[in-house]
Undergrad: 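This is the structure, below, for whatever I ask next.
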Amino acid sequence: MKTKKYLLLILSIILFSCSESDDSPNEQSNLQPGVIITFDDDYVDEWHDVNRILQPYDWKATFFVTRFNQLSADKIQKLKDFKSYGHEIGAHGLNHLNATTFISANGGSAYLNQEIFPMVTLMNNNALSTTSFAYPYGSRNTTTDNLLLNEFQIIRGTTYGKSAPSSQNCFYNYDRIVYGLGIDKSYPHFSIPYFLSLLEYAKNKNKIVIFYAHKPVTVCQNNYETEYQTLVEICKYVKDNNMKFYTISELYNLQNGV
């Protein structure tokens with residue numbers, strides 16, 4: 001009987017030790033806790049307006065731009081100004097194509113030649129070279145990842161839902177593929193207190209939480225819109241708690257010790 005109890009005690013210790021060890025890589029104790037705020041599409045004028053509102057928080061963001069060939073000279077200049085300010089300009093596909101659908105029907109080479117290479121060339125020619133990419137519609141799989149990781153240092157997908165912070169997939173975990181949680185008001189999981197709870201978890205666990213938005217507006221009236229209030233609350237929390245604003249490419253630098 002004593003032997004049985006002893007074995008049970010040893011087993012309990014082993015299991016406890018394993019659970020602690022499994023969790024420790026996600027603690028990221030060497031990181032300054034923070035946030036990455038990303039924006040998708042081509043709402044350059046609206047990004048410009050909200051940038052002025054959020055500047056008092058010393059914020060930084062990553063703007064993933066699509067339809068670059070349709071941007072006016074004024075909007076391209078605003079993107080350059082963003083870059084000078086400290087923001088990052090990322091790629092979001094030349095025509096906002098669904099990567100998995102297009103590649104399944106036409107192949108990877110056609111996707112690169114139609115959606116990626118022309119976009120990268122245009123951005124390079126306008127002094128906005130990029131090393132990061134965000135999937136339109138969040139549509140990705142292993143095939144698209146393997147293809148695009150040859151072209152970009154880091155890629156952002158999407159994640160959804162209102163699970164407990166410990167189960168959320170929107171925290172950086174030293175991978176070249178990261179996942180952002182949408183903060184547009186139309187998402188079913190929308191909740192400013194929930195977003196702040198993710199930031200609190202990041203602060204306590206030394207993590208970096210990743211959000212994504214589209215069109216910043218004063219009051220939401222359509223899908224793919226994020227209210228100023230949401231962005232202000234997030235930035236205020238980060239500033240008040242001495243957390244850090246990161247850009248997407250800074251994650252790649254962290255991963256590679258740059």
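We number each residue from 1, following the sequence as shown. Keep in mind the model is a prediction, meaning the values are calculated, not measured.
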Undergrad: Can you label the angle between the Phe195 ring and the Phe190 ring as parallel, tilted or perpendicular, going by 30° and 60°?
TA: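 Ring orientation, 0 to 90° scale: perpendicular.
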Undergrad: Please name the pair of heavy atoms, one in Gln114 and one in Leu97, separated by the smallest distance, quoted to 0.1 Å.
TA: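 Reported closest heavy-atom pair: NE2-CD1, 3.9 Å.
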Undergrad: Is there a side-chain contact between Tyr252 and Arg176 in this structure, where contact means two heavy atoms from C-beta onward sitting under 4.5 Å apart?
TA: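 Counting from C-beta outward, Tyr252 and Arg176 do come under 4.5 Å.
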Undergrad: Does one hydrophobic cluster hold both Tyr212 and Val209, with members joined at side-chain heavy-atom distances below 4.5 Å?
TA: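 As far as the 4.5 Å side-chain criterion goes, Val209 and Tyr212 are not connected within one cluster.
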Undergrad: Out of curiosity, Ser109 OG to Ile103 CD1, how far, rounded to the nearest 0.5 Å?
TA: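 Taking OG in Ser109 and CD1 in Ile103, the distance rounds to 9.5 Å.
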Undergrad: CG/Leu54 to NZ/Lys236 distance, rounded to the nearest 0.5 angstrom?
TA: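 Output value for this atom pair is 13.5 Å.
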Undergrad: Can you check whether Leu251 reaches Ile210 side chain to side chain, under 4.5 Å on heavy atoms?
TA: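 A side-chain contact under 4.5 Å exists here.
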Undergrad: To the nearest 0.5 angstrom, please state how far the CD1 atom of Ile177 sits from the CZ atom of Arg140.
TA: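 The CD1 atom of Ile177 sits 5.5 Å away from the CZ atom of Arg140.
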Undergrad: Between Tyr237 and Glu200, is a side chain to side chain contact (heavy atoms under 4.5 Å, CB included) present by the stated rule, with each step listed?
TA: CA-CA 9 Å; Tyr237 187 97; Glu200 181 180 16; 3.2 Å; yes
Undergrad: Which heavy atom of Met123 sits nearest to which heavy atom of Ala91, and what is that distance?
TA: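 Of all heavy-atom pairs spanning Met123 and Ala91, the closest is SD-CB, 4.2 Å.
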Undergrad: Output, in order, the C-alpha distance, side-chain angles, deciding distance and verdict of side chain to side chain contact (heavy atoms under 4.5 Å, CB included) for Tyr172 and Ile36.
TA: CA-CA 9 Å; Tyr172 175 57; Ile36 297 176; 5.9 Å; no
Undergrad: For Asn241 and Met243, indicate whether the former's side chain and the latter's backbone hold a donor-acceptor pair under 3.5 Å.
TA: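 No, the answer is negative, given that no donor and acceptor are paired below the 3.5 Å cut-off.
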Undergrad: Over all heavy atoms of both residues, which pair between Ala99 and Ser139 is shortest? Give the atoms and the distance, please.
TA: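 Minimum heavy-atom contact is CB-O, 3.9 Å.
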Undergrad: List the steps and the verdict of side chain to side chain contact (heavy atoms under 4.5 Å, CB included) for Thr131 and Ile154.
TA: CA-CA 7 Å; Thr131 59; Ile154 193 161; 5.6 Å; no
Undergrad: Decide yes or no on side chain to side chain contact (heavy atoms under 4.5 Å, CB included) for Thr144 and Leu147, but give the supporting numbers first.
TA: CA-CA 5 Å; Thr144 65; Leu147 183 72; 5.6 Å; no
Undergrad: Is a side-chain N or O of Tyr194 found less than 3.5 angstrom from the main chain of Ser163, in a donor-acceptor match?
TA: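 Yes, the answer is positive, given that a donor and an acceptor are paired below the 3.5 Å cut-off.
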Undergrad: Check for a donor-acceptor pair, side chain of Gln32 on one end and backbone N or O of Ile208 on the other, with a separation under 3.5 Å.
TA: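 Such a contact is absent between Gln32 side chain and Ile208 backbone.
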Undergrad: Which heavy atom of Phe82 sits nearest a heavy atom of Ile89, and at what distance?
TA: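 Shortest heavy-atom contact: CB-CD1, 4.0 Å.
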Undergrad: Give the cluster check for Phe171 versus Ile37: same hydrophobic cluster or not, with ILVMFWY residues linked at side-chain heavy-atom distances below 4.5 Å.
TA: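 Yes; Ile37 is reachable from Phe171 via cluster members.
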Undergrad: Taking the side chain from Thr62 and the backbone from Ile248, do they hold a donor-acceptor pair closer than 3.5 Å?
TA: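 Yes.
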Undergrad: Kindly indicate whether the side chain of Leu128, heavy atoms from C-beta on, has any atom under 4.5 Å from the side chain of Lys83.
TA: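 Side-chain contact under 4.5 Å: yes.
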Undergrad: Can a donor-acceptor pair be found between the side chains of Asn98 and Thr100 at a distance below 3.5 Å?
TA: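 Yes - a donor-acceptor pair under 3.5 Å links their side chains.
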Undergrad: Applying side-chain contact (heavy atoms from CB on, under 4.5 Å) between Phe211 and each of Thr230, Thr226, Leu198, Thr38, report the one that passes.
TA: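 Passing option: Leu198.
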Undergrad: Are Asp40 and Thr66 packed together at the side-chain level, in the sense that at least one heavy-atom pair is separated by less than 4.5 angstrom?
TA: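 Not touching, per the 4.5 Å side-chain cut-off.
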Undergrad: Please tell me if the side chains of Phe64 and Ser132 come closer than 4.5 Å, counting only heavy atoms from C-beta onward.
TA: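 Phe64 vs Ser132: side chains touch.
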Undergrad: Backbone N or O of Lys215 within a donor-acceptor pair of the Trp47 side chain at under 3.5 Å?
TA: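 Answer holds: no.
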Undergrad: Supply the atom-to-atom distance Arg67 CZ to Asp41 CG, rounded to the nearest 0.5 angstrom.
TA: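 Between Arg67 CZ and Asp41 CG, I get 6.5 Å after rounding to 0.5 Å.
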Undergrad: Does NZ in Lys80 sit with more than 12 non-hydrogen atoms of other residues, nucleotides or ligands closer than 6.0 Å?
TA: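 It does: Lys80 NZ has more than 12 such atoms within range.
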Undergrad: Cys235 versus Phe245: any side-chain heavy-atom pair under 4.5 Å?
TA: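 Yes, side chains in contact.
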Undergrad: Could you measure the distance from the CG atom of Leu79 to the OG atom of Ser84? Nearest 0.5 Å is fine.
TA: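 Between Leu79 CG and Ser84 OG, I get 11.0 Å after rounding to 0.5 Å.
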Undergrad: Nearest 0.5 Å, what's the CG-CZ distance between Asn126 and Phe68?
TA: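 Asn126 atom CG to Phe68 atom CZ measures 4.5 Å (nearest 0.5 Å).
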Undergrad: Might you work through the ring pair (Phe, Tyr, Trp, His ring centres under 6.0 Å) test for Tyr224 and Tyr43, ending with a clear yes or no?
TA: CA-CA 11 Å; Tyr224 303 109; Tyr43 302 108; 8.6 Å; no
Undergrad: Heavy atoms only: give me the nearest Gly182-His189 pair and the separation to one decimal.
TA: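 Minimum heavy-atom separation between Gly182 and His189: O-NE2, 2.7 Å.
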Undergrad: Examine Val50 and Ile183 and state if one hydrophobic cluster contains both, with Ile, Leu, Val, Met, Phe, Trp and Tyr joined whenever side-chain heavy atoms are less than 4.5 Å apart.
TA: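 Shared cluster, yes.
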Undergrad: Compare all side-chain heavy atoms of His48 with those of Asn51 and state whether any distance is below 4.5 angstrom.
TA: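 Heavy-atom side-chain distance check fails, nothing below 4.5 Å.
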Undergrad: Examine distances only and state if a side-chain atom of Glu151 and a backbone atom of Ile116 form a donor-acceptor pair shorter than 3.5 Å.
TA: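 The answer is no, because no donor-acceptor pair under 3.5 Å joins these two groups.
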Undergrad: Would you kindly confirm whether Tyr187 and Val217 end up in one hydrophobic cluster when ILVMFWY residues are joined by side chain heavy atoms under 4.5 Å apart?
TA: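 No, Tyr187 does not connect to Val217 through the hydrophobic network.
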Undergrad: Does the side chain of Leu71 reach to within under 4.5 Å of the side chain of Val65, using non-hydrogen atoms?
TA: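 Leu71 vs Val65: side chains touch.
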Undergrad: Has Glu227 got a side-chain atom pairing as donor or acceptor with Cys220's backbone, closer than 3.5 angstrom?
TA: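 Here the side-chain-to-backbone pair exists.
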Undergrad: Please report the shortest heavy-atom distance between Gly34 and Ala202, naming the atom on each side.
TA: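 Closest approach of Gly34 to Ala202, heavy atoms only: O-CB, 4.3 Å.
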Undergrad: Would you mind listing every ring pair (Phe, Tyr, Trp, His ring centres under 6.0 Å) that reaches into residues 120-170, with sequence neighbours excluded?
TA: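 As it turns out, the ring pair (Phe, Tyr, Trp, His ring centres under 6.0 Å) pairs with a partner in residues 120-170, which skip direct neighbours, are His96-Tyr137, Phe133-Tyr135, Phe133-Phe152.
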Undergrad: For the residue pair Phe39 and Phe63, does the interplanar ring angle fall in the parallel (under 30°), tilted (30 to 60°) or perpendicular (over 60°) class?
TA: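 Aromatic pair Phe39/Phe63 classed parallel.
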